Peer 1: 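Structure provided below as C-alpha cells; questions to follow.
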Amino acid sequence: MREDGLDVIIDKIGNIFGLTGQSTGKNPIMIGSHIDTPNNAGKYDGPYGVIAGLEVAEKLRNHPSQSRRPLMIAAFTNEEGVRFQPDMMGSLVYAGGLDVEMALNARDLDGAILRDELRRIGYSGDMTPGAITPHAFLELHIEQGPVLESDNIQIGAVEALQGISWQRITIGGKANHAGTTPTRLRYDAGLAAAHVITFLRRLVTEYSSTSVATVGQLAFKPNSINVVPSQASFTVDLRDPDEFRLCQLEQALDAYLGRLAAEHCVIVETERLARFKPVVFDRGLVEMIVDSARSLEYSVMKMTSGAGHDAQMIAHICPSAMIFVPSRNGISHDPAEYTAPGQLDSGLDVLFDVVLKIAK
Ligand SMILES: [Zn+2]
C-alpha cells in the first residue's frame, strides 16, 4: 500500500486500510477482504479481494476520468476465526457489531490474548474502528463452491449470504478402563458425540436442501486408546440462507441434546461461538455488477454465498455487495484452491467498472 502511495491507517482491531485522495472530503468507496487464512489453506480466499483493491487504485490513477471519490482499500483482521473467535472479527468490530475491547480480549487455545498478539506483530493501531463510513463496499472473492464452474458462468453477482450459527458442545461422561468396564455401565462421551454428528446429517438432509451442518473440530479427554472418554468437545457449524429455517435447525439440535443427555446419562453444555443472520446485499449495487459484467461481455448470474464474508458485516453500515469468480472444482480452504489468472482478471474488470460507475 505504501509503495502504491496510499495513506496507511491501522485501527484498534488491526484492520489495515490504504486510502487515496482523502482531500476530496467525500466518503470513500471501500474495496477489500482479508489476508488471514485457515491452516494449510489456499492463497486466493481473501487476498484476491485486497490485491484487487490495490489494482483498482492503480488503474484509477492512470484513468482519464478521475474518480470523484477516494478509495479505501481494506484488509480486515481475523476473517476466518481460526485462532480467535468470532470469525469475521475485524469487519464485525468495524461495523459496530462487537465492542472492540471485548474483541481484543479474545483468547486462543494456548491462552494468548488478541490484544497482546496485535501489539507483538505491530498491528495494534490508533484509529477507532468504524471512524470512516464508506460510501459503498465491494468485496471481490473466489466463489469457494462449485456453482459458477458447473454452470460455466464467469461472474457471480452475490445478492445474499446465508446465516451462520457456530457453537461448541461439550459432553461430560465418565472415564473408565476400556477392558474392565462392561458396555452397560459406560457413560461414554465419545459415543454421545458420535450420535450428535449423525443426528446433524439426518437433520439437514430431512429438513431442507439449503441447510448444511458440519462438525469440524472434535477432541476427547483423556484421549487415550484404552480409556472410555470422559469428555467430548466439538464444534457445530449450521448454515441456511433463511433466518427462520436456521432458528428451526438450532431448536431441533437443542431438543436432541436434551434427549441425548437423558438417554446416555451424560452432561451436555453448549457455548455460542458466533451467530450471524442471513444478509441481503444492496440491490442497486448487485444490478450494477450484473450490468458491468454484461457490458464487458462476461456471463453473469445472481447467487447466494454459502460462506461468510466481511461484506456481510460492512453491509450494516453502507450499501455493500460481492463479486464472485469461479473456484476450480469448487475447492477452497485447501492448498488445491485455484482460480485461473484470466478468471481473476475478469473479476477485476467488473470490480473496476463498478467502481467507476459508483465514483461518477
Ligand atoms: Zn474469505
Side-chain angles (χ1 to χ4, degrees), residues 13-17 30-56 72-95 97-98 103 134 137-149 155-164 166 212 214 216 235 237 239 241 273-274 276 278-279 281 289 303-316 320-340 343-344 346-348 350-351:
I13 195 68
N15 293 323
I16 304 165
F17 302 107
M30 187 187 263
I31 303 168
S33 194
H34 60 98
I35 54 176
D36 64 314
T37 78
N39 302 324
N40 192 31
K43 65 180 176 183
Y44 300 85
D45 170 10
Y48 173 44
V50 180
I51 294 165
L54 294 175
E55 291 281 333
V56 168
M72 185 173 184
I73 316 305
F76 290 107
T77 300
N78 190 32
E79 193 271 350
E80 300 287 358
V82 172
R83 186 174 168 199
F84 297 99
Q85 271 97 47
D87 58 342
M88 294 170 278
M89 184 189 270
S91 49
L92 176 65
V93 169
Y94 197 85
L98 172 65
F137 177 66
L138 292 165
E139 183 170 2
L140 179 59
H141 206 283
I142 59 165
E143 182 200 341
Q144 304 183 271
V147 176
L148 289 175
E149 185 182 66
I155 297 291
V158 186
E159 55 182 353
L161 200 143
Q162 63 185 352
I164 302 176
W166 277 13
V212 284
T214 305
T235 53
D237 174 317
R239 303 187 194 209
L273 299 176
F276 301 117
V279 169
F281 286 128
I289 292 166
M303 60 191 301
T304 297
S305 169
H309 292 289
D310 292 311
Q312 80 191 72
M313 301 306 164
I314 304 303
H316 292 282
S320 303
M322 295 188 73
I323 303 166
F324 276 178
V325 294
S327 294
R328 188 173 68 186
N329 299 325
I331 293 173
S332 184
H333 287 187
D334 183 278
E337 185 178 277
Y338 182 74
T339 300
Q343 293 172 316
L344 296 172
S346 310
L348 178 61
V350 174
L351 175 67

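Just so it is clear, the model here is predicted, and its values are computed rather than measured. Ligands are counted one by one from 1 in listed order, and the atoms in each one are counted from 1 as well. Residue numbers start at 1 and run along the sequence shown.
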Peer 1: For this output row, return yes or no: ring centroids of His309 and Phe324 closer than 6.0 angstrom.
Peer 2: yes
Peer 1: Hey, which N, O or S atom on His141 ends up closest to the Zn ion (ligand 1)?
Peer 2: NE2
Peer 1: Quick check: of its N, O or S atoms, which one does Asp45 have closest to the Zn ion (ligand 1)?
Peer 2: OD1
Peer 1: Output yes if His309 passes the N/O/S-under-2.8 Å test against the Zn ion (ligand 1); output no otherwise.
Peer 2: no
Peer 1: Tyr94 and Phe17: aromatic ring centres closer than 6.0 Å?
Peer 2: yes
Peer 1: Taking 2.8 Å as the cut-off, does Glu79 contribute an N, O or S atom near the Zn ion (ligand 1), distance below it?
Peer 2: no
Peer 1: Is it true that Asp45 and His34 share a donor-acceptor pair across their side chains at a distance under 3.5 Å?
Peer 2: yes
Peer 1: Testing the 3.5 Å rule here: is there a donor-acceptor pair between the side chains of Ser327 and Gln144?
Peer 2: no
